[in-house]
2 protein chains.
Amino acid sequence: MDGRFKLDNQLCFRLYTASRLITQAYHPLLSQYGLTYPQYLVLLVLWEKDSQPVNDIAKRLMLETNTVTPLLKRMEAEGILTRTQGKTDARQMIVKLTRKGRELQDKLSEVPETVGSSVLCESVTAETVPTLFRMLDDIIEQLKHHNNESNC
Amino acid sequence: MDGRFKLDNQLCFRLYTASRLITQAYHPLLSQYGLTYPQYLVLLVLWEKDSQPVNDIAKRLMLETNTVTPLLKRMEAEGILTRTQGKTDARQMIVKLTRKGRELQDKLSEVPETVGSSVLCESVTAETVPTLFRMLDDIIEQLKHHNNESNC
DNA sequence: AATTTTTATATCGTTCACGATGCAAATATA
DNA sequence: TATATTTGCATCGTGAACGATATAAAAATT
């Protein structure tokens with residue numbers, strides 16, 4: 001009996017589960033401000049650099065625009081950001097934070113540390129996190145190319 | 001300017017992205033048999049041990065029954081499995097593979113290796129995978145407890 | 001300048017995820 | 001044995017993800 005199909009041997013299942021559980025850890029912190037985790041990711045992108053076209057945000061998050069567009073519309077409806085047609089390129093929609101969107105950064109200032117500390121454990125410490133980051137970055141880079149090549 | 005909010009410093013975003021991209025890597029392999037990745041996970045569980053109640057499957061995948069039930073119904077509609085009321089406990093729905101569901105194991109025999117090899121890279125090799133597994137397992141274990149405690 | 005191609009975004013349909021809630025069967029308690 | 005509680009599953013609503021497709025503006029080509 002070989003273990004090819006054993007759930008316990010699957011990297012993907014671990015990533016899938018870890019991702020879901022850590023998103024759940026964010027939930028109580030974000031939901032009090034009416035935010036979801038993907039919406040929080042958009043805020044991270046815009047806090048780093050405000051006023052970006054939809055495509056740049058999507059690329060940064062490695063998502064398709066058909067995922068990001070509805071997400072941005074919901075955030076616009078909440079008054080967190082505005083979407084205005086680009087001047088130089090009329091196809092682009094420029095996304096800009098409102099005052100409310102900028103103020104959320106102060107309100108959420110404790111979030112990264114709170115979630116971060118709830119993940120630390122025996123094998124994941126301040127010393128080993130860089131190793132984990134490098135492995136995940138390599139996997140992401142690898143898969144980005146792999147998935148693109150399949151589409152040709 | 002502190003880097004708390006920098007996307008590049010976030011573990012969760014890496015997990016979220018890696019999980020999505022690896023699921024996309026499964027897609028061309030699974031879709032030719034009409035399967036999604038979560039459905040493939042259900043098959044992994046049932047191939048390991050056939051004939052389980054919904055709750056056991058959900059627990060194994062760390063999902064809620066309200067996620068698993070519709071998923072199983074779709075698979076039942078595809079003729080991959082059957083759902084029959086339990087005899088000893090009438091509340092339970094026992095999930096059992098059909099012939100078609102069992103035969104999928106042969107057809108998908110190349111999948112684990114194919115996806116596995118597409119993930120291997122400089123920092124993720126046969127030698128380092130156990131380290132990565134242990135880190136992810138620890139994170140999952142940590143978060144499982146953390147998230148449960150918050151619900152009390 | 002007219003036509004083709006590419007690019008940026010949006011729309012649609014399907015399938016997860018998951019919080020909230022409902023219901024009936026099983027179990028525990030009075 | 002009657003009542004209360006717990007358990008197993010299902011239903012509903014919302015928000016992602018994403019493949020497929022549409023549309024209009026911009027860029028490239030003829």
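So that the names make sense, note that chain A is the first sequence line, chain B the second, and so on, each numbered from 1.
- Neither B:Ile94 nor B:Val54 shares a network with the other; the hydrophobic side chains, linked directly or stepwise wherever heavy atoms of I, L, V, M, F, W or Y lie under 4.5 Å apart, form separate groups for each.
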Chi angles and distances behind the side-chain contact (heavy atoms from CB on, under 4.5 Å) call for A:Val95, A:Gln52: CA-CA 5 Å; A:Val95 180; A:Gln52 294 192 51; 5.7 Å; no

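- No cation-pi contact links A:Arg14 to A:Tyr16, judged by a cut-off of 6.0 Å to the six-membered ring centre and 45° from its axis.
- One interatomic measurement links the two molecules: CD1 of B:Ile22 to P of D:dC18, which rounds to 13 Å at whole-angstrom precision.
- If you check D:dA16, C:dA10, D:dC9 against the side chain of A:Thr36, the one that comes closest is D:dA16.
- Between A:Glu122 and B:Arg134, none of the side-chain N atoms (NZ, or NE/NH1/NH2) sits under 4.0 Å from a carboxylate O, so this pair counts as no salt bridge.
- Summarising the geometry, the separation between CG on B:Asn147 and P on C:dA17 is reported as 16 Å, rounded to the nearest angstrom.
- Straight-line distance from the CZ atom of A:Arg83 to the P atom of C:dA8: 17 Å, rounded to whole Å.
- In this pair, A:Tyr26 and A:Tyr40 present their aromatic rings tilted. The plane angle is within the 30 to 60° band.
- In terms of phosphate contacts, A:Lys73 brings a side-chain nitrogen or oxygen within less than 4.0 Å of OP1 or OP2 of C:dT11.
- Whole-Å rounding puts the A:Tyr16 OH to D:dA16 P distance at 17 Å.
- In this structure, CG of A:Asn148 is placed 13 Å from P of D:dC18, rounded to the nearest angstrom.
- Checked against salt bridge (charged side-chain N to carboxylate O under 4.0 Å, His left out), A:Asp56 has no partners two or more places apart in sequence or in another chain.
- For B:Glu103 and B:Arg99, the salt-bridge test passes: some basic side-chain N is under 4.0 Å from an acidic carboxylate O.
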Contact pattern, 5' to 3', of nucleotides 18-25 of chain C - B, S or - by protein heavy atom under 4.0 Å: BBB----B

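- Put simply, the side chain of B:Gln85 gets close to the backbone of B:Ala90: a donor and an acceptor are under 3.5 Å apart.
- Per the geometry, CG belonging to A:Leu72 stands 12 Å off P belonging to C:dT11, to the nearest Å.
- Proximity of residues 49-61 of chain A to DNA chain C (heavy atom under 4.0 angstrom from any strand atom) is restricted to A:Pro53, A:Val54, A:Asn55.
- What separates CZ of A:Phe13 from P of C:dC16 is a distance of 15 Å, to the nearest Å.
- Taking only side-chain nitrogens and oxygens, B:Thr69 never comes nearer than 4.0 Å to OP1 or OP2 of D:dC9.
- Looking only at side-chain heavy atoms (C-beta outward), A:Arg4 and A:Asn9 stay at 4.5 Å or farther from each other.
- Atom pair B:Gln92:CD and C:dA26:C1' shows a separation of 10 Å (rounding to whole Å applied).
- When heavy atoms are screened at a 4.0 angstrom cut-off, B:Thr65 is found touching base atoms of the nucleic acid.
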